[in-house]
2 protein chains.
Amino acid sequence: MAYANDMAVDAPRAARTGTGLASALAVAVNRLSRRLRQERDSDLTATQLSALGTLRGHGPLTAGALAMHERVQPPSMTRTVNCLVEAGTVRREPHPTDGRQVVLHLSEQGAALLAAERRRRDAWLAQRLRALTPEQRDLLRRAAPVLEELARG
Amino acid sequence: MAYANDMAVDAPRAARTGTGLASALAVAVNRLSRRLRQERDSDLTATQLSALGTLRGHGPLTAGALAMHERVQPPSMTRTVNCLVEAGTVRREPHPTDGRQVVLHLSEQGAALLAAERRRRDAWLAQRLRALTPEQRDLLRRAAPVLEELARG
DNA sequence: TATTGTTATACTCTATAACTATA
DNA sequence: TATAGTTATAGAGTATAACAATA
């Protein structure tokens, strides 16, 4: 016997039947993520923006801590940070007590760029959201933190 | 004056303040999408599974139609399809009336692989979902089709 | 001439393994 | 010896531009 998610691959069907939530959610999230990536229009990629956003939200972080927050392996973060430093959006500074660690700081230029890029990146989604009903927007407003919690796990 | 989404970068804050929904949603969706990609454990990638899933849902499609559904450019889909054909999960067949077009069919082997992979991919998310409250799950169940609708735009 | 699909090429993201420097 | 970060290397996804075949 197949699993429930083999019988309900699309979100509308999952909503009707009450089965396959995991599958429907995974598909929807992946599609929307890809769609959002298409809408960015700048020098910074979605991955770089995400790292900058984390630095803005949390303040300075070590390379390892940033990698953990972004859920990537350290070498991947090294590469991303190299791009960000080269673009002048992030500064590498020595750790005060541990010579092995590096502390990453968002530069003023980085903060400004982040704000501008985020506006651009969100423009498409914000426009789409305005086309929804108030109830649907409220639904998404309450769902967003739950999605974050799922990702945090 | 900055946009609302510059003041609320994280989902919980957006939920509290009622601002920055687009930004919070974009961040949450991107994080969860990346997290889900980490959880796959198979020969097929998330992109390949998504293409197979679309073929299963819609039946045979031309290369161009599949690219449109997956929201990628035709050359990207060519590459994905090459991998799928090489893996024996998809067959290329000639279009009955138009010699330029190619019709892509999900093979039986592809359907079986898809089912198995989807189970594996969803296992992590399903487990995480069980840790939520029934209200949160219901929230996501209703949010999933809205996310799909946003992506479809 | 327009359309469909592919090939050529390049760039980004990501990972694992190996290496360096420091604790 | 263990840890933090980087470098080296490789594989996948995506895109644009150029090309082939067909309509």
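All heavy atoms count here, side chains included; hydrogens, waters and symmetry mates do not. Since the model is a prediction, treat every value here as computed from it, not as a measurement.
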Could you work out, with side-chain contact (heavy atoms from CB on, under 4.5 Å) as the rule, every residue matching B:Ala67, not counting sequence neighbours? B:Val72, B:Met77

Between B:Gln101 and D:dA21, is there a side-chain N or O to OP1/OP2 distance below 4.0 Å? no

To the nearest angstrom, the NE2-P distance between B:His95 and C:dT3 comes to 16 Å

Reading nucleotides 17-23 of chain C from the 5' end, what letters show protein touch, with B for base, S for backbone sugar-phosphate only, - for no heavy atom under 4.0 Å? B----BS

Partners meeting ring-ring contact (aromatic ring centres under 6.0 Å, His included) with A:His58 (sequence neighbours left out): A:His69

Could I get the full list of side-chain contact (heavy atoms from CB on, under 4.5 Å) partners for B:Ala111, not counting sequence neighbours? B:Leu106

Output the residues of residues 60-69 of chain A in contact with DNA chain D, where contact means a heavy atom of the residue under 4.0 Å from an atom of the strand; sort by number or write none. A:Thr62, A:Ala63, A:Gly64

Presence of B:Arg79 side-chain N/O under 4.0 Å of C:dA10 phosphate oxygens OP1/OP2: no

Which residue pairs pass the salt bridge (charged side-chain N to carboxylate O under 4.0 Å, His left out) test when at least one of the two sits in residues 80-91 of chain A, sequence neighbours left out? A:Arg91-A:Glu93

Which nucleotide wins on minimum distance to the side chain of B:Gln73, given the candidates C:dT14, D:dT16, C:dC13? D:dT16

Hey, does the side chain of A:Thr80 come within less than 4.0 Å of C:dT12's phosphate (OP1/OP2), counting only N and O? no

Any side-chain N or O of B:Thr78 less than 4.0 Å from the OP1 or OP2 oxygen of C:dT7? no

May I ask you to evaluate whether B:Thr47 reaches the phosphate of D:dG13, defined as a side-chain N or O under 4.0 Å from OP1 or OP2? yes

Can you hop from B:Leu52 to B:Val103 via hydrophobic side chains spaced under 4.5 Å? no

Return the value, rounded to whole Å, for the distance between atom CD of B:Glu70 and atom C1' of D:dA15. 16 Å

With a 4.0 Å cutoff (strictly under), does any side-chain N or O of B:Ser76 reach OP1 or OP2 of D:dT14? no

Between C1' on D:dA12 and CG on B:Leu49, what's the gap in Å once rounded to a whole number? 13 Å

Mind calculating the distance between CE (B:Met77) and P (D:dA15) to the nearest angstrom? 10 Å

